[in-house]
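Throughout, protein chains are lettered first and strands after them, A, B, ... in sequence-line order, and every chain is numbered starting at 1.
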Protein chains: 2
Amino acid sequence: MKISTRTRYGLRLLIYLAGSEADRLVQVKEIAKHENIPAKYLEQIIRPLKKAGMLKVVRGAKGGYFMERAPESISVKEVFDVLENSTHLIDCLKDGNFCEGKESCSTFDFWDNFNKVINDYLEGVTLADILKMQREKCKKLMFYI
Amino acid sequence: MKISTRTRYGLRLLIYLAGSEADRLVQVKEIAKHENIPAKYLEQIIRPLKKAGMLKVVRGAKGGYFMERAPESISVKEVFDVLENSTHLIDCLKDGNFCEGKESCSTFDFWDNFNKVINDYLEGVTLADILKMQREKCKKLMFYI
DNA sequence: GCTAATATATACTGATTTTATCTATAAGCA
DNA sequence: TGCTTATAGATAAAATCAGTATATATTAGC
């Protein structure tokens with residue numbers, strides 16, 4: 001039960017973008033450098049996020065990305081749905097998935113419930129929440145230094 | 001974020017065993033047949049569960065497995081710890097794991113919290129709970145038929 | 001038209017998971 | 001004792017997937 005690097009990178013990328021000045025165009029290269037992530041991999045990750053309408057792009061020279069929606073309105077669940085290739089803990093939970101045992105399977109209801117617990121949590125956390133956590137942590141750090 | 005087949009099989013195997021008469025020796029072959037799981041794979045799964053003290057074995061002819069501990073006392077979290085090779089959502093959460101970014105990483109606290117939510121849930125569900133759910137489902141099914 | 005940026009597809013590599021195979025060991029039983 | 005039925009354990013094979021890299025196309029600024 002691991003979170004893919006794809007989703008982890010994607011979340012950091014979003015937090016970085018959400019934390020930048022609102023009117024600035026941020027290039028993949030810059031994020032890659034700051035977050036220490038392979039740039040080409042980031043490009044593959046950022047595109048589905050754009051397609052999902054979370055951010056927008058200006059192509060060509062001096063171009064870059066910027067947030068389209070407010071960080072308060074984007075839940076981590078949404079990010080998972082876009083990036084994590086299997087949002088479902090087990091295949092049986094997929095909509096319309098055929099599973100002969102569903103009705104008799106001893107563990108189906110448990111997995112179903114577990115899945116709900118996870119999704120409820122992820123729906124309850126927004127990018128803004130994470131940004132806030134991060135900023136508070138920074139303040140504390142500065143205080144110690 | 002997928003649950004490994006190993007853990008899923010293991011849980012079903014435990015539920016099957018916990019649901020059998022207490023004094024009966026159950027053979028891997030029987031579980032494999034009933035649950036439609038490759039027998040040799042089950043053997044690999046059942047051993048660590050035995051090592052963890054959840055069940056015991058009588059070797060040789062007419063041998064088999066039986067539950068050592070009460071299903072009420074075994075949480076799903078324990079099963080995960082034994083079977084799921086990565087209990088941590090991300091490597092950074094491992095004890096003693098070195099991560100340069102830990103203090104400054106924008107998402108570390110979020111993952112840490114998410115991990116806790118999951119573990120709390122898994123600790124709160126026991127094999128007996130799942131067994132009960134299953135039996136109630138059976139009753140309902142019988143009612144409709 | 002040159003340069004800087006993203007868009008897209010694809011291929012390579014390595015790790016991991018699932019399954020299968022083979023041999024060893026233990027215990028019941030004639 | 002020797003045959004049979006179990007698990008024990010190591011290891012190999014197959015399949016899948018994640019992560020990365022490469023190559024080419026497209027878009028826009030200057």
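- Atom CD1 in B:I46 sits about 8 Å away from atom P in D:dA8, given to the nearest Å.
- Put simply, NZ on B:K51 is 13 Å from C1' on D:dT7, counting in whole angstrom units.
- As judged by a 4.0 angstrom heavy-atom cut-off over every strand, A:R6 is placed among residues touching the sugar-phosphate backbone only.
- Atom CG of B:L49 and atom P of D:dA8 are 12 Å apart (whole Å).
- Rounding to whole angstrom units, CD of residue B:Q27 and C1' of D:dT4 are separated by 12 Å.
- Remark on DNA chain D: of its neighbouring residues A:E43 and A:S4, the 5'-side contact belongs to A:S4, judged by nearest-heavy-atom nucleotide.
- Atom P of nucleotide D:dA18 and atom CD of A:Q44 are separated by 12 Å, given to the nearest angstrom.
- Contact annotation: A:N85 side-chain N/O to D:dA18 OP1/OP2 distance is under 4.0 Å.
- Of the two residues near DNA chain C, A:K40 and A:A61, the one whose nearest nucleotide lies more 5' is A:A61.
- The residues A:R69 and A:E78 are annotated as salt-bridged, a charged nitrogen and a carboxylate oxygen being separated by less than 4.0 angstrom.
- Side-chain N or O atoms of B:R12 include one that pairs as donor or acceptor with a backbone N or O of B:E35 at under 3.5 Å.
- Summarising the geometry, the separation between CG on B:L42 and C1' on D:dG9 is reported as 16 Å, rounded to the nearest angstrom.
- In this model, the phosphate group of D:dA6 is approached by a side-chain N or O of B:K29 to a distance below 4.0 Å at OP1 or OP2.
- For the pair A:K116 and A:E123, the salt-bridge criterion is not met [side-chain N within less than 4.0 Å of a carboxylate O].
- No hydrogens or angles were tested; on distance alone, a donor-acceptor pair under 3.5 Å links the side chain of B:R59 to the base of C:dT25.
- Applying the 4.0 Å criterion to OP1 and OP2 of C:dA7, one finds that A:Y65 has a side-chain N or O inside that range.
- Note: NZ (A:K56) to P (C:dT6) measures 17 Å, nearest angstrom.
- Here B:K50 lies in heavy-atom contact (under 4.0 Å) with sugar-phosphate atoms only.
- Between B:K62 atom NZ and D:dA6 atom C1' the separation is 12 Å, expressed in whole Å.
- Salt bridge status for B:K40 with B:E43: present, with a side-chain N to carboxylate O gap under 4.0 Å.
- Within the 4.0 angstrom heavy-atom criterion, only backbone atoms of the sugar-phosphate kind lie near B:V28; the bases stay farther away.
- For the pair B:Y41 and C:dT18, the criterion of a side-chain N or O lying under 4.0 Å from OP1 or OP2 is met.
- The pair B:D91-A:K2 meets the salt-bridge criterion, with a side-chain N (NZ, NE, NH1 or NH2) lying under 4.0 Å from an Asp/Glu carboxylate O.
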